[in-house]
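Notes follow once the structure below has been shown.
Nothing here was measured: the structure is a model prediction, and the numbers come from that model. For the single chain, residues carry numbers from 1 onward in sequence order.
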Amino acid sequence: MKIAFVGKGGSGKTTLSSLFIRHLVANEAPVVAVDADINQHLGAALGLSEAEAAELPAMGAHLPLIKDYLRGSNPRITSTEAMIKTTPPGEGSRLLRVVEDNPVYEACARTVRLDDGDIRLMATGPFTDSDLGVSCYHSKVGAVELCLNHLVDGAEEYVVVDMTAGSDSFASGMFTRFDMTFLVAEPTLKGISVYRQYKEYARDFDVAMKVVGNKVQSPDDIEFLRDQVGDDLLVTLRHSDWVRAMEKGRPLRFELLEADNRMALQTLQSTAEDSYATRDWERYTRQMVHFHLKNAESWGNARTGADLAAQVDPGFVLGEHTLVPQPG
């Protein structure tokens, strides 16, 4: 299952992502975690030191390797230079799995040990001063989008992506790549502003989304959120002494997280599992192709000097039926 966490800056999006990841590992689920936020904080939220987090390899820096591996022997892709972030897989492409070893994970992922097991953590890389004026952040997350387009994940496997804050999450087709999107919202007007934007963006693409109320202190906070988002409100989390201790650099074992917050995380997992039951691989592939053709026409053809529409394999549908040995 592919799960995204989105929300306004300061909503607790990254903290909720890290708690959900810990919860999944405690339930013995294999997890690939991806920090796709412009502010790279997921590593620290998962317990890495500042130095360890800074040493995480940047996916964007390994884009040529990622393209070369995923291209495989696909005859519709004439070169890695002709691949863009939305290039879809086809016959001969190499696909990624959650539980496997491959050159992409070797270059871009690092193992993070949590209380109850290990995860793979990947990061886009921070937006630095050297990027100003020469690139945009969306070009950095292109490596994430390309990997998601080539990922085949099963019902008991998780890819959890901490997306960039605010409406920037919807600046590309990547927001359609998930089985479930959890929008983290505080019980304030500013807190639910991203929800209104997201609801508008998601309406035409059947994006499954639920709101997670965070920093809730009273029944009035819950009532406010329900008035604002209606049935989209899935669950709420209250103040956590466990999280506060982590933020102070005094981490406790995850089993000591407050019981009601643990129950809320289980609700997230159960909701994700329900969403997987309705996964439509044909629609997923169709949306992938839609955004690729859109990007090809708007900028991709001009940038690569090629007709990128020719990369679309009309007979190919990504899915678990494609879980067969790949070439090379």
For [X], what residues pass the ring-ring contact (aromatic ring centres under 6.0 Å, His included) criterion, not counting sequence neighbours?
X      : value
Phe291 : Phe205
Trp299 : none
Tyr284 : Trp281

Shortest non-hydrogen separation from [X] to [Y] and the atoms involved:
X      : Y      : result
Leu121 : Gly43  : CD2-CA, 3.9 Å
Pro103 : Tyr69  : CD-CE1, 3.4 Å
Ala36  : Val141 : O-CG1, 3.8 Å
Val31  : Leu24  : CG2-CB, 3.8 Å
Arg262 : Glu255 : NH1-CA, 3.4 Å
Leu257 : Ser240 : CD1-OG, 3.7 Å

message: Just checking Glu100: does its CD atom have more than 12 heavy atoms from other residues, nucleotides or ligands closer to it than 6.0 angstrom?
response: yes
message: Counting neighbours of CZ on Arg283 that are heavy atoms of other residues, nucleotides or ligands and sit closer than 6.0 Å, is the number greater than 12?
response: yes
Common cluster, [X]/[Y], ILVMFWY with side-chain heavy-atom separation under 4.5 Å:
X      : Y      : result
Leu233 : Val207 : yes
Leu265 : Leu256 : yes
Tyr276 : Leu268 : yes
Val235 : Met263 : no

Salt bridge (charged side-chain N to carboxylate O under 4.0 Å, His left out) with [X]: which residues, sequence neighbours excluded?
X      : value
Asp307 : none
Asp101 : Arg120
Lys215 : Glu186

Test your reading of the model: is there a side-chain donor-acceptor pair from [X] to the backbone of [Y], 3.5 Å cut-off?
X      : Y      : result
Arg94  : Ser73  : no
Glu320 : Gly154 : no
Arg177 : Glu145 : no

Passing option when Ser275 is tested against Lys210, Met209, Met180 for side-chain contact (heavy atoms from CB on, under 4.5 Å): Met180
How long is the straight-line distance from [atom2] of [Y] back to [atom1] of [X], given to the nearest 0.5 Å?
X      : Y      : atom1 : atom2 : answer
Leu63  : Cys147 : CG    : SG    : 8.5 Å
Arg286 : Leu318 : CZ    : CG    : 13.5 Å
Leu70  : Ser93  : CG    : OG    : 7.5 Å
Ile119 : Arg110 : CD1   : CZ    : 13.5 Å
Leu146 : Leu96  : CG    : CG    : 9.0 Å
Met288 : Thr176 : CE    : OG1   : 8.5 Å

Are [X] and [Y] close enough that a side-chain donor and a side-chain acceptor fall under 3.5 Å?
X      : Y      : value
Asn74  : Glu91  : no
Gln197 : Ser193 : no
Gln217 : His239 : no

Once salt bridge (charged side-chain N to carboxylate O under 4.0 Å, His left out) is applied, what residue pairs with a partner in [range] remain, sequence neighbours excluded?
range            : result
residues 19-33   : none
residues 218-239 : Lys199-Asp232, Arg238-Asp260
residues 147-159 : Lys2-Asp153, Asp153-Arg279

- request: Going by the side chain to side chain donor-acceptor pair (under 3.5 Å) test, name the single residue among Lys294, His292, Gln311 that passes it with Thr86.
  value: His292
query: Pairs in or reaching into residues 50-60: which pass side-chain hydrogen bond (donor to acceptor under 3.5 Å, both in side chains), with residues at least two apart or in two chains?
result: Ser49-Glu52
- line: Taken in chain and number order and not counting sequence neighbours, the residues that satisfy side chain to side chain donor-acceptor pair (under 3.5 Å) with Thr14 are Asp162
task: Show your working on side chain to side chain donor-acceptor pair (under 3.5 Å) between His41 and Asp37 and close with a plain yes or no.
output: CA-CA 8 Å; His41 295 313; Asp37 196 349; over 6 Å; no
Throw together a table of side-chain donor-acceptor distances under 3.5 angstrom for residues 242-249, partners on residues two or more places apart or in other chains.
from, atom 1, to, atom 2, distance (Å)
Trp242, NE1, Leu252, O, 3.4
Trp242, NE1, Arg253, O, 2.9

